[in-house]
Number of protein chains: 2
Amino acid sequence: MTPERRPYRRESEETRREALIGAALDIVATEGPAQATVRAIADRAGVTPGLIRHYFTSKEELVRTAYLTMMDRMTADSRRGLDAADAPVDPAARLALFVANSLRAPVVDPQRLGLWAAFIQRIRHESEMRDIHRHTYHRYRSILEDLIRALALPGFDDRRCREAAITCNAVIDGLWMESSALPEEFSGETGAVRIGVSAVGALLGLDLAAALPPEIPGDTE
Amino acid sequence: MTPERRPYRRESEETRREALIGAALDIVATEGPAQATVRAIADRAGVTPGLIRHYFTSKEELVRTAYLTMMDRMTADSRRGLDAADAPVDPAARLALFVANSLRAPVVDPQRLGLWAAFIQRIRHESEMRDIHRHTYHRYRSILEDLIRALALPGFDDRRCREAAITCNAVIDGLWMESSALPEEFSGETGAVRIGVSAVGALLGLDLAAALPPEIPGDTE
DNA sequence: AGCGCAATTACACAACTGTATAACAGGCCG
DNA sequence: CGGCCTGTTATACAGTTGTGTAATTGCGCT
């Protein structure tokens with residue numbers, strides 16, 4: 001009567017790391033960071049808890065890696081459609097698309113807000129986290145700044161473009177936050193996309209809403 | 001050889017509740033929610049852990065009460081100087097003051113951001129938290145809306161005032177968040193107050209910076 | 001086919017968590 | 001000044017946490 005031992009498959013390091021990171025993000029997003037225990041993460045990833053310490057020196061390191069992955073996804077999702085072959089060439093359309101992407105799914109999402117909040121929480125005490133945040137913030141803002149500069153608006157020198165990017169970034173972040181926290185209040189006529197696009201337009205003195213390319217409904221890859 | 005028992009003083013319910021709430025906020029703000037255990041909270045409040053369950057039905061309830069207290073403070077700090085006897089009467093000055101207050105200490109503060117993030121984390125799963133959040137958001141936004149309506153701007157009907165409030169709220173929230181997370185990047189010329197006041201002005205089409213009452217340096221009560 | 005290594009599991013452990021309950025004592029009322 | 005209510009402390013407890021370590025077994029290698 002030998003005690004049964006769970007059967008398993010050997011996987012590559014990359015596969016296992018990705019599975020563990022994905023499981024960690026999943027749990028933090030859906031159930032909060034307090035529920036993201038080594039046992040819960042391992043369980044969701046389909047392995048036993050001990051394996052986490054085989055691929056990461058500590059649970060802490062796994063979580064950190066997971067957050068970096070999330071931030072990369074956020075920026076990539078906001079850029080969607082800007083680098084494609086059929087990407088809009090009109091600078092105003094490009095800016096409008098970027099703003100709109102930032103203010104709808106999958107970027108706007110209660111789960112992502114929770115994930116992001118859990119991440120922000122750690123910024124003050126862990127310098128690696130602060131570095132990740134600073135890097136992500138600057139990368140996003142600089143995309144915005146480039147899009148604004150491409151508009152070649154009269155009177156917008158480098159300094160003014162930079163300040164406009166800071167301001168537009170703020171209004172986008174605020175709307176992202178609020179519409180993710182209270183989705184039911186930002187639907188229909190008060191949609192975050194509409195408000196955000198027209199707000200950025202107002203800040204730059206142009207009609208961005210008219211430039212926004214129509215959304216392609218089933219365009220989720 | 002009687003085992004020594006810790007001496008204590010009896011206090012009013014209000015005193016004890018405030019002490020416990022304050023201790024909880026303190027610890028969540030400085031060390032994160034994971035460190036806010038019943039033992040740590042009781043310790044900081046100068047009592048023993050059991051007392052928490054004497055004033056709150058659970059640790060959960062204490063934390064919830066603490067968050068509500070925090071949100072009240074945030075709004076109150078932003079209103080500072082608006083209700084005083086020597087408050088500005090010019091509507092533009094009042095709006096500018098409110099915006100500026102929201103974007104400097106003590107409202108802008110890394111610890112408050114941490115506190116706020118820990119709070120936001122919980123709104124998805126705990127309906128009481130979501131209610132607190134919704135209530136706080138609407139209260140703040142409606143202050144903003146009233147200040148905007150008082151400007152009596154041409155063409156700003158109720159609907160437009162409401163949408164302007166949503167937008168201004170977003171830009172303030174975004175700047176608050178970013179300057180709290182990366183304080184060193186929002187000092188001097190790129191100060192959050194300056195950018196925020198001029199952004200709100202731009203969104204409403206008026207020069208708010210000129211209307212902003214000068215800051216009284218030592219005015220922290 | 002089967003050896004050997006390392007990926008994976010299994011188990012143990014001490015620290016810590018929130019909560020329940022009983023014993024104690026501070027200080028108001030008589 | 002003494003009793004007694006209740007605010008407060010003390011202690012116990014079961015559950016959970018991250019981590020360390022030894023045993024197993026999948027599977028690439030020759």
Side-chain angles (χ1 to χ4, degrees), chain A residues 1-25 27-28 31-67 118 121-122 125-126, chain B residues 1-25 27-28 31-67 118 121-122 125-126 128-129:
Chain A
M1 188 65 184
T2 55
E4 298 193 11
R5 192 188 174 89
R6 168 190 188 144
Y8 62 94
R9 281 185 50 202
R10 294 188 152 207
E11 297 287 355
S12 71
E13 169 161 354
E14 200 192 334
T15 304
R16 279 280 127 95
R17 291 181 75 100
E18 277 176 11
L20 288 169
I21 289 170
L25 284 178
I27 295 178
V28 175
E31 303 173 44
Q35 309 299 322
T37 67
V38 286
R39 286 165 181 82
I41 294 171
D43 205 47
R44 177 150 324 193
V47 296
T48 49
L51 200 61
I52 288 180
R53 304 284 326 278
H54 188 259
Y55 287 111
F56 299 90
T57 62
S58 71
K59 180 200 164 191
E60 198 64 21
E61 199 210 304
L62 164 58
V63 171
R64 211 178 306 139
T65 312
Y67 283 132
Q121 241 307 122
R122 306 175 103 104
H125 291 95
E126 301 171 36
Chain B
M1 186 70 182
T2 55
E4 298 195 9
R5 192 187 173 89
R6 167 188 187 144
Y8 62 94
R9 281 185 48 202
R10 297 187 150 208
E11 298 287 354
S12 73
E13 169 162 356
E14 200 192 335
T15 304
R16 280 278 126 95
R17 291 182 78 99
E18 278 176 10
L20 288 169
I21 291 170
L25 284 178
I27 294 179
V28 176
E31 303 173 45
Q35 309 300 321
T37 67
V38 286
R39 286 163 180 84
I41 294 171
D43 205 46
R44 177 148 325 192
V47 297
T48 50
L51 200 59
I52 288 180
R53 304 283 326 277
H54 189 259
Y55 285 111
F56 300 90
T57 63
S58 71
K59 181 202 164 190
E60 200 64 20
E61 199 210 304
L62 163 57
V63 171
R64 210 179 306 140
T65 312
Y67 284 131
Q121 243 307 124
R122 307 175 100 107
H125 290 95
E126 302 171 34
E128 298 99 331
M129 287 286 178

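Quick note on labels: first sequence line is chain A, next is B, and so on, each numbered from 1.
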Cationic tip of Arg17(B) above Phe56(B) ring, under 6.0 Å, 45° of axis
yes

Under-4.0 Å salt bridge between Glu60(B) and Arg122(B):
yes

Out of dG18(C), dG20(D), dA10(D), whichever nucleotide has its closest atom nearest the side chain of Thr48(B)
dA10(D)

Here the distance between atom P of dC29(C) and atom CZ of Arg10(B), to the nearest Å, is 12 Å

Any donor-acceptor pair under 3.5 Å joining the side chain of Arg39(B) to the base of dG18(C)?
yes

Side chain of His54(A) - closest among dT8(D), dT19(C), dA7(C):
dA7(C)

Determine, for Glu31(A) against Arg44(A), whether the closest basic-nitrogen to carboxylate-oxygen distance falls under 4.0 angstrom.
yes

In this structure, how many angstroms lie between the P atom of dT8(C) and the CZ atom of Arg9(A), rounded?
10 Å

Gap between atoms CG and P, on Leu62(A) and dG18(D) respectively (whole Å)
11 Å

Determine the contact category for Glu11(A): base if any of its heavy atoms lies under 4.0 Å from a base atom, sugar-phosphate if only primed atoms, P, OP1 or OP2 are that close, otherwise nothing.
sugar-phosphate

Look at all strands and tell whether Tyr55(B) reaches a base, only sugar-phosphate, or nothing, counting heavy atoms closer than 4.0 Å.
sugar-phosphate

For Asp43(A) and dT9(C), what is the distance between atoms CG and P respectively, to the nearest whole Å?
11 Å

If I take atom CD1 in residue Ile52(B) and atom C1' in nucleotide dT19(C), what distance separates them, rounded to the nearest angstrom?
11 Å

Distance check: side-chain N/O of Arg16(A) vs OP1/OP2 of dT8(C), anything under 4.0 Å?
yes

Starting at the 5' end of DNA chain C and moving along, which residue's nearest nucleotide shows up first, Pro7(A) or Glu60(B)?
Pro7(A)

For atom NZ of Lys59(A) and atom P of dT19(D), their distance in whole Å
8 Å

Find which nucleotide of DNA chain C each of Gly50(B) and Tyr8(A) is nearest to by heavy atoms, and output the residue with the more 5' nucleotide.
Tyr8(A)

Salt bridge between Lys59(B) and Glu61(B), side-chain N to carboxylate O under 4.0 Å?
no

Quick one, Tyr67(A) and Val28(A) - any side-chain contact, counting heavy atoms below 4.5 Å?
yes

Nearest-angstrom distance from the residue atom CD of Gln35(A) to P of dG18(C)
13 Å

Could a donor-acceptor pair under 3.5 angstrom be found where the side chain of Arg5(A) meets the base of dT9(C)?
yes

How long is the line joining CG of Leu51(A) and C1' of dA22(D), in whole Å?
16 Å

